[in-house]
Amino acid sequence: MVGDARPSRVRAGGCPGAVGSRTSSRALRPPLPPLSFLFVLFLAAPCAWAAGYKTCPKVKPDMLNVHLVPHTHDDVGWLKTVDQYFYGIYNNIQPAGVQYILDSVISSLLADPARRFIYVEIAFFSRWWHQQTNETQKAVRDLVRQGRLEFANGGWVMNDEAATHYGAIIDQMTLGLRFLEETFGSDGRPRVAWHIDPFGHSREQASLFAQMGFDGFFFGRLDYQDKRVREEALQMEQVWRASASLKPPTADLFTSVLPNMYNPPEGLCWDMLCADKPFVEDMRSPEYNAKELVNYFLKLATDQGKLYRSKHTVMTMGSDFQYENANSWFKNLDKLIQLVNAQQQANGSRVNVLYSTPACYLWELNKANLSWSVKKDDFFPYADGPYMFWTGYFSSRPALKRYERLSYNFLQVCNQLEALAGPAANVGPYGSGDSAPLNEAMAVLQHHDAVSGTSRQHVADDYARQLSEGWGPCEVLMSNALAHLSGSKEDFAFCRKLNISICPLTQTAERFQVIVYNPLGRKVDRMVRLPVSKHVYLVRDPGGKTVPSDVVTIPSSDSQELLFSALVPALGFSIYSVSRMPNQSPQKSWSRGLVIQNEYLRARFDPDTGLLMELENLEQNLVLPVRQAFYWYNASTGNNLSSQASGAYIFRPDQKNPLFVSRWAQTHVVKASLVQEVHQNFSAWCSQVVRLYPRQRHLELEWTVGPIPVGDGWGKEVISRFDTPLATGGLFYTDSNGREILERRRDYRPTWKLNQTEPVAGNYYPVNSRIYITDGNMQLTVLTDRSQGGSSLSDGSLELMVHRRLLKDDARGVGEPLTKEGSGLWVRGRHLVLLDKTGIAAARHRLQAEMEVLAPQVVLARGGGARYRLEVAPRTQFSGLRRELPPSIHLLTLARWGPETLLLRLEHQFAVGEDSGRNMSSPVTLDLTNLFSAFTITHLRETTLAANQLLAYASRLQWTTDTGPTPHPSPSRLVSATITLHPMEIRTFLASVRWEEDG
């Protein structure tokens, strides 16, 4: 195992004699000769990263330096599918062909050594790269080494920041950055994060970027009021302190707001898609405009420079799918640079213009030795004008949002089984298994027009297709792995339609096996529900003992579901056997009393309306009146205040108060030994099951909404709202990408005085996994199963948007209303409601959210399969861990990295101050020696978060803040297999392993 070093930090100019950057990442990959544990100490190279700026162009310190950044913004799906964009198909929809953009850019760069270009979307670049000749690849490598082709961001996609879960963000960044590291070595490693188009920016995203080792972060979109204030206060650039738990500067990230979103200045777009006039230098031509353009540019640069604090300013020269004819851009930029700089001698101009990159611009800012203000909140919600809040996409396309979250769960199970079984998972009795297709599909889904729900319909369908096709190779892999680990070659079945109670095997077979795999580092007790026929069933646990089970009838469909509780060990599986009992039929278990309860909770319903009216925590002696109902906002199509309509991006209700779906619900009560349920039917298109299982400390609300009727000509945005008497003082709390919690205040922004034009939409925030309200004593928390928009619009109230169907486009480019036909019209989901004393609420919602994101995976088989190895008896239970992880530690990643290498991430999932009476926020020390049962770690190397740099070699630029000096601790060393995790800390390792012979 290797020495453990936190990243060192570098100040510009502080590294005399620094040499070129390391040129290859291959040192990350091959394992050392296997030893029981090998400890290697790497000497930190504190100037390694700073040396990456060595190719930056020279500037003129006594002038205003205008850094021109030629770039293209290539959406990985939006109006066209990923393939349609890459190949340039259907240019009648949008003229865009990424393969031609890259061809053209490379040719133009090779034509003039002064030219520079940045590229971002590795999903496209990697595809293009693999189609190139060796000669072209060599030329591109040279351009990268010279710093003339620079990669910014480097993720597979430029991910959304509102609807994305942090685990999926890390995965997609790791995929893209790994390609760059393996293809170009450290020469291709991005120095800056570049999120020019996402519609608002989360604090957790900045924290993740900092932990990945980025020196700075550039983005284009922020609220129009916020931008105006920042321009006046010269705060377009500052240091973002992106974590309340991680000690500065761990999550500090220098952040720059680009001056013109990500477009060229007005009148200076020289792409074939633009209509601006090119430079005409011939004074004899009636179209001569060179002098006029130069003077215009000089004024533009001077005015822009006044909004920033240094002698440097940046201009983005490019936009969506530009540079398909790169020559038209570069030819005019060449002239601009030549003619503007000629004014220095001719007229004493103090403006110097140059080809540059975001990283080179950042390097100059760092050398300026300025002190920067600090930001601690986030950039949500985003509005680009009055009445124009981009808060609709928090909830758009809820079916796709759920499919993405479910696929994240499935991918982690696939990755873990591939790691636990080793090579046997990839080639086995079921064929060739592969996690890569789903990994890539999930990466694509993080794009800011994918999981956000802001693409056209046929593109959303294509995103779902990519996920579906990715599941198949993972199912083969998981079958190989389960056969290897269990010792039995069963005919495994994966029922993908359990959410709508369809599974042919369980509904027809007289006997079958249920393999339940648990991806968490602790054992779980989980209720399994399977659709079955009208019979009674006997369920046996892995030891052959009969376990309690129930068959309940679903009132709405008269179909049956089998219930039993499965106890599954950490990072492992339990196999339960189910057999049909002859000549017995299940008893209907309907009841009249509108109360359901278990050992911990009691829920009461109003006998007149059928609505939930009270929740009681029996364990903590808490009682809270809670009324939950469904409402809908009438979507605006524009009014006398603004023509802005509600659409895929924008949420704009036509009035503040929503309308009831129904003021009462028709109810059926189901009470059995393993479940108590109240089935509520609100209308032909809205129903809900409120459910309690034994030993469960939360109330489960399973809602079904759709098809939303729009025959009345009204678009509808449907919410589930909880109303309580809690005195919440205008405050509520939402998670940031599933990790840290941010306080929200109604009609308020922490860094400027808000002029609120939309009292509903302007108070909506992204809810990735949870939202809560508290009066300081009691806390009501609602966990979600996908990303949704949510708010608290009055004290004691909490709402989440579950579905929306709209009849008008919101004029943000999609050109298509959100009126999906087909299966996406029906949406089913779950809200988990927790009532706790505020002091212990975090322990409940943190651990429950972890169990929801990484829920157990159910795999089915008929049973009676042959032995995997004749000499080894099959086993019905397995754990990949020799000892459970402590509750505050989460196994974030366990995945194959190389032939004998695994990627391992462990995180502390509690924030500072969430002690909850159980010491959950304390540092945790973990011994990795013999932690895993399926393999032995022979060598361990710690890396940055995205696993593209050894931590001992990583360094970041230092920034001075106006909050006082920031300590820069010396790197600590790991001299044993023992690691310590502090609150909200994620540690990433590449582990060389030797798999055990018997799996």
Side-chain angles (χ1 to χ4, degrees), residues 394-395 594 596 601-606 609-617 622-633 656-665 667 678 680 682 686-692 697-705 717-735 741 744 746 760 763-786 788-803 829-838 841 844-845 848-849 852:
F394 300 163
S395 310
L594 282 176
I596 57 174
L601 287 179
R602 179 184 294 132
R604 298 181 187 275
F605 296 78
D606 188 316
T609 65
L611 301 181
L612 176 68
M613 68 176 188
E614 183 183 87
L615 189 58
E616 183 176 359
N617 185 319
L622 301 174
V623 180
L624 181 67
V626 183
R627 186 175 81 159
Q628 184 271 337
F630 290 92
Y631 303 78
W632 59 277
Y633 290 105
K656 182 177 180 179
N657 295 320
L659 305 168
F660 272 99
V661 170
S662 174
R663 293 180 181 273
W664 61 278
T667 59
V678 175
Q680 301 171 310
F682 295 92
C686 182
S687 62
Q688 181 171 256
V689 181
V690 185
R691 182 179 290 130
L692 266 179
R697 287 183 165 89
H698 60 267
L699 189 67
E700 178 180 315
L701 280 61
E702 185 180 66
W703 44 267
T704 303
V705 174
E717 320 204 41
V718 183
I719 63 166
S720 172
R721 194 174 83 190
F722 301 80
D723 292 306
T724 77
L726 290 175
T728 52
L731 299 177
F732 59 105
Y733 301 82
T734 64
D735 67 301
I741 305 295
R744 310 298 191 183
R746 204 159 49 247
V760 177
N763 284 306
Y764 257 62
Y765 289 86
V767 178
N768 201 268
S769 64
R770 76 210 78 180
I771 181 172
Y772 66 79
I773 52 175
T774 177
D775 64 358
N777 175 43
M778 263 191 283
Q779 178 170 316
L780 184 74
T781 307
V782 180
L783 303 181
T784 65
D785 66 350
R786 75 201 72 193
Q788 296 175 328
S791 189
S792 172
L793 297 177
S794 61
D795 283 3
S797 180
L798 182 159
E799 67 183 61
L800 289 156
M801 188 176 289
V802 297
H803 203 354
R830 292 158 67 244
H831 288 150
L832 307 185
V833 182
L834 294 83
L835 176 65
D836 295 292
K837 291 179 180 176
T838 301
R844 297 272 190 260
H845 71 68
Q848 191 61 47
E852 292 310 306

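All values below come from the heavy atoms of this structure, side chains included, with hydrogens, waters and symmetry mates left out.
With rounding to the nearest 0.5 Å, the separation of CZ in F630 from OG in S687 is 8.0 Å. Between the CG atom in L780 and the OG1 atom in T774 there is a gap of 9.5 Å [rounded to 0.5 Å]. To the nearest 0.5 Å, atom CD of residue Q628 and atom CG of residue L798 are 11.0 Å apart. Note: L659 CG to I719 CD1 = 10.0 Å, rounded to the nearest 0.5 Å. In this structure, OG in S797 is found 10.0 Å from CZ in R627, a value given to the nearest 0.5 Å. In this structure, CZ in F394 is found 12.5 Å from CD in Q788, a value given to the nearest 0.5 Å.
Ring planes of F660 and Y631: tilted class, angle from 30 to 60°.
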**OP:** For L624 and M778, run side-chain contact (heavy atoms from CB on, under 4.5 Å): C-alpha distance rounded to whole Å, both residues' side-chain angles, the deciding distance at 0.1 Å, then the answer.
**Re:** CA-CA 9 Å; L624 181 67; M778 263 191 283; 4.1 Å; yes
Subject >> Test side-chain contact (heavy atoms from CB on, under 4.5 Å) applied to I596 and L699, step by step >> reply: CA-CA 10 Å; I596 57 174; L699 189 67; 4.1 Å; yes
Original post:
Is there a side-chain contact (heavy atoms from CB on, under 4.5 Å) between L834 and R697 once you walk through the steps?
Top reply: CA-CA 7 Å; L834 294 83; R697 287 183 165 89; over 6 Å; no
Subject >> Criterion side-chain contact (heavy atoms from CB on, under 4.5 Å) on W632 and V661, from CA distance to verdict >> reply: CA-CA 6 Å; W632 59 277; V661 170; 4.0 Å; yes
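Across all their heavy atoms, G610 and F605 have their closest contact at O-CD2, 3.8 Å. Across every non-hydrogen atom of W703 and R830, the tightest pair is NE1-N, 3.7 Å. What you find for W664 and F682 is that their closest heavy atoms are O-CD2, 4.1 Å. The shortest non-hydrogen separation linking L612 to A603 is CD1-CB, 4.0 Å. In this structure, C686 and V705 approach most closely via the heavy-atom pair SG-CG2, 4.2 Å. Listed here is the closest heavy atom pair of H831 and V782: CB-CG1, 3.7 Å.
Contact check for S395 versus E717: no side-chain heavy atoms found under the 4.5 Å cut-off.
Exactly one of Q848, E852, H845 qualifies for a side chain to side chain donor-acceptor pair (under 3.5 Å) with R770. That residue is H845. When each of L783, D735, D785 is checked for a side-chain contact (heavy atoms from CB on, under 4.5 Å) with S769, only D735 meets the rule. No option in T781, L692, L832 other than L832 meets the side-chain contact (heavy atoms from CB on, under 4.5 Å) test with H698.
Judged by distance alone, with hydrogens and angles left aside, the side-chain atoms of T734 form no donor-acceptor pair with the main-chain N or O of I771 at under 3.5 Å. In terms of modelled atom types and a separation under 3.5 Å, the side chain of N617 and the main chain of L835 share a donor-acceptor contact.
Taking 4.0 Å as the cut-off between side-chain N and carboxylate O, D795 and R746 count as a salt-bridged pair.
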